[in-house]
Amino acid sequence: MRVHGVARRSIRPLDEDHAVEIIDQTALPHAFRLLRLSSVGEVAEAIRTMQVRGAPLIGVAAAYGVALALRANPDDAMLAAALATLAATRPTAVNLRWALARQRALVAGLPEDQRADAAWREAAAIADEDVEQCRRIGEAGLDRLLAGRRGGGRLEILTHCNAGWLATVDHGTALAPVYAAFDAGIAVHVWVSETRPRNQGLLTAWELGAHGVPHTLIADNAAGWLLARGTIDAVIVGADRVAANGDVANKVGTWLKALAARAAGVPFLVAAPRSTIDFACPDGRGIPIEERSADELLVVRGFAAGGQCGEVRLTGGEVAVANPAFDVTPGGLISALITERGCCPATRPGLLELYPEETSG
Ligand code: MRU
């Protein structure tokens with residue numbers, strides 16, 4: 001994707017493979033700030049504080065985190081500590097554990113002097129694979145959208161959270177079909193759900209704007225009304241974990257949109273690469289849901305009247321707050337999963353048809 005006319009990925013290696021550069025997503029959309037991470041501690045902190053976020057990107061960042069740890073010290077104790085530190089950062093997106101397991105399987109049997117280079121190459125391979133998988137999701141998703149199109153008018157897509165290139169390495173998951181449509185000259189417009197409390201919808205609006213894709217920001221609660229009055233052709237969201245039976249954990253509020261889409265007879269599509277599918281998790285009840293801090297609800301960030309960026313606390317007093325960051329949408333509400341291997345029903349047989357190598361699991 002291009003930012004200010006420059007093609008870039010959301011993460012890239014620096015300093016002859018001794019650091020990575022990320023886009024600080026906590027600064028967007030107010031400022032475009034690049035950060036250099038050169039230790040496993042810095043990578044873990046960036047994931048924990050959501051400077052890097054989005055399931056596929058978290059996995060790639062964690063893979064680079066392992067490589068940075070082994071650059072500092074390639075012994076078994078460091079490997080175990082790095083894996084534990086990174087695994088503890090965020091619980092729901094399974095891409096994190098998937099990438100750590102892949103790094104562990106690769107380096108544990110290697111001599112210490114080969115570990116850092118091997119882990120670095122593996123992280124780069126995971127990043128490249130993510131780009132290719134998201135590109136394919138874009139193709140498969142666009143085919144699906146065009147097959148279900150009502151008439152020849154502009155495609156009206158509703159999305160929630162940010163599942164664009166910022167949340168992956170490039171292209172995005174839910175937004176990949178949107179970019180594929182736009183780049184093919186197909187008229188498309190995206191309704192962007194604001195996504196309280198962290199406002200990932202603003203990230204979606206920012207990246208769609210940077211690419212020139214027409215879009216409109218809406219309050220989360222406006223989605224039901226738009227669906228009910230027939231404005232939306234399809235809802236597309238990403239996923240943080242897809243269970244083996246097709247249940248999907250994604251940003252909190254996703255389930256409500258799936259319910260509204262079902263009531264309105266609008267297709268509800270979930271786009272996710274293989275790294276997001278957890279065949280070891282039988283159904284959505286096994287997915288851990290991250291509980292985040294109360295301040296995410298109580299403090300908002302934006303521009304003051306004078307133009308300076310700052311924070312505002314919404315309440316002066318004490319208030320009890322619950323902040324579950326994700327919810328689980330049952331596979332029965334999902335019209336199709338879109339993966340790099342094509343589309344399938346959100347069921348165990350559907351997933352196994354696309355990934356037959358998982359049948360014995
Ligand atoms: O808490 P976040 O911002 O990391 O959550 C991100 C989401 O829920 C995305 O929709 C999901 O990771 C899909 S990523 C392409």
Side-chain angles (χ1 to χ4, degrees), residues 1-3 5 7-10 54-57 130-193 195 200-218 223 226-227 230-239 248 250-251 254 257-258 261 264-273 276 334-344 346 354:
M1 291 295 144
R2 301 181 84 78
V3 180
R8 64 166 60 248
R9 290 179 170 191
S10 61
L57 180 58
D130 187 65
V131 173
E132 177 57 15
Q133 291 181 346
C134 288
R135 193 189 64 75
R136 286 170 187 247
I137 285 172
E139 288 177 353
L142 179 55
D143 286 349
R144 173 86 193 194
L145 288 176
L146 294 179
R149 200 173 187 181
R150 301 171 301 182
R154 187 170 79 161
L155 274 174
E156 299 288 346
I157 305 297
L158 172 71
T159 192
H160 185 56
C161 195
N162 173 257
W165 71 268
L166 283 169
T168 62
V169 179
D170 204 351
H171 301 293
T173 55
L175 292 190
V178 168
Y179 289 125
F182 182 80
D183 291 346
I186 296 164
V188 60
H189 170 263
V190 185
W191 297 88
V192 179
S193 171
T195 316
Q200 286 93 338
L202 298 182
L203 302 177
T204 297
W206 180 82
E207 64 161 90
L208 289 172
H211 200 79
V213 180
H215 59 280
T216 302
L217 187 70
I218 56 166
L226 292 178
L227 285 158
T231 306
I232 309 295
D233 293 312
V235 183
I236 315 181
V237 297
V248 166
N250 192 51
K251 182 54 56 192
T254 300
K257 289 182 172 62
V266 172
F268 184 88
L269 306 166
V270 176
T276 305
I334 297 168
S335 310
L337 297 172
I338 307 167
T339 81
E340 74 283 356
R341 292 194 187 177
C343 298
C344 72
L354 286 188

What I'd like to find out is whether the side chain of L208 reaches to under 4.5 Å of the side chain of V178, using heavy atoms alone. yes
Starting at CD1 of I137, measure out to CG of L175 and round the result to the nearest 0.5 Å. 11.5 Å
Between S335 and F268, is there a donor-acceptor pair closer than 3.5 Å when you use the side chain of the first and the backbone of the second? yes
When rounded to the nearest 0.5 angstrom, what distance separates CD in E139 from CD1 in I338? 12.5 Å
Using every non-hydrogen atom in the two residues, find where A272 and E340 come nearest and quote the distance to one decimal. O-OE1, 4.2 Å
For residues M1 and R8, determine if any side-chain heavy atom of one lies less than 4.5 Å from a side-chain heavy atom of the other. no
Are any non-hydrogen side-chain atoms of Q133 and R136 less than 4.5 angstrom apart? no
Any non-hydrogen side-chain atom of H215 less than 4.5 Å from a side-chain atom of T204? no
Considering only heavy atoms from C-beta outward, does the side chain of V270 approach that of T254 to under 4.5 Å? no
Heavy-atom distance under 4.5 Å between the side chains of L166 and L57, does that happen here? no
Against L158, only a single residue in V237, V235, V266 fulfils side-chain contact (heavy atoms from CB on, under 4.5 Å); can you say which? V235
Going by the angle between their ring planes, with limits at 30° and 60°, are W206 and W165 parallel, tilted or perpendicular? tilted
Mind checking whether T173 and T276 have side chains closer than 4.5 Å, heavy atoms only? no
To the nearest 0.5 Å, what is the distance between CZ (R9) and OG1 (T168)? 10.0 Å
Indicate the atoms forming the closest heavy-atom contact of A239 with A55, along with that distance. O-CB, 3.7 Å
Please tell me whether S193 and K257 have a donor and an acceptor in their side chains that are separated by less than 3.5 angstrom. yes
Hey, which of D233, T216, L155 is the one that makes side-chain contact (heavy atoms from CB on, under 4.5 Å) with H189? T216
Are L145 and I236 packed together at the side-chain level, in the sense that at least one heavy-atom pair is separated by less than 4.5 angstrom? yes
